[in-house]
Amino acid sequence: MIEMKNIKVRYSGGIAALNDVNLRIDDGEFVFIVGNSGAGKSTLMKLMLREIIPNEGRVFVNGYNLSKLKGKKIAHFRRTIGVVFQDFRLIPDLTVYDNIAFVLRVTNRSKKYIRQRVPYLLSLVNLADRAKAYPHQLSGGEQQRVALARALANDPPLLIADEPTGNIDPELSYEIVDMLKTINDQGTTVVMVTHQHDLVKYFGGRIINLKRGQISFDELIGGSDEVE
Ligand code: ADP
């Protein structure tokens, strides 16, 4: 669960990037976060990941009170979240398989577990046949699917996707969101930031719109994918 109470974030010298934001996202939800450039979306993501702490207010994520987290506990907390970025952030000189295995090794998983888990994750994102490829040999959509498999490696209860479709062909964007929806159906909470209004209209669901640092809209809308 994510809970933000009376949040204010002010960068040095600027006006408030977020002002009086109150928000609650329950376990199992799928939420789109939208808003114009400069509205505060990245700031909201940074708060959720505890990359920054607010000037005022409190943030709770996955049972952690983020204002009070220190030292090693920050690393423990971050392991409860999978993150996908617009620019994929794969390691270029590792194969698809090793990009995913890498995060499992870092968290000290056994070799046996890794040998089972990586193929499972690759099949989840329909890339079972690309395990030996390197990132540059894949399309943008495929690279993002590897990044998604990597984000899910440690089975986090929460997945944060920051403009995950920003660097891939519009048609393939639907495929990525479809995958996120499937992952959500299996119980993972998904928060996705996007600029693509067509995606939001198509899939529907809970939409949170930020406008100049405040939530201007937070409602459930029906998607056109359900109409046919
Ligand atoms: P979005 O992700 O919706 O484009 P941001 O959260 O990046 O919005 O930015 C919100 C506001 O905070 C903008 O006015 C932006 O210029 C400002 N801002 C963001 N990061 C910084 C920073 N590091 N220093 C100063 N101002 C910042």
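Both ligands and their constituent atoms are indexed starting at 1 by order of listing. Just so it is clear, the structure is predicted and the values come from calculations on it, not from any experiment. Values reported hereafter were calculated over all heavy atoms of this structure, with side chains retained and with hydrogens, waters and symmetry mates removed.
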Donor on one side chain, acceptor on other, R10 and N19, under 3.5 Å | no

The complete set of ring-ring contact (aromatic ring centres under 6.0 Å, His included) pairs with one or both residues in residues 24-48, sequence neighbours excluded, reads F30-F32

For the residue pair T165 and Q196, confirm or rule out a side-chain donor-acceptor distance under 3.5 Å.
-> yes

Contacts of E29 meeting side chain to side chain donor-acceptor pair (under 3.5 Å) (sequence neighbours excluded), chain-then-number -> R206

Test the R109-Y113 pair against the cation-pi criterion, namely NZ or CZ under 6.0 angstrom from the six-membered ring centroid and within 45° of the ring axis.
-> yes

Contact residues of ligand 1 with a heavy-atom cut-off of under 4.0 Å?
-> Y11, A17, N36, S37, G38, A39, G40, K41, S42, T43

N209: what forms a side chain to side chain donor-acceptor pair (under 3.5 Å) with it, not counting sequence neighbours?
-> S216

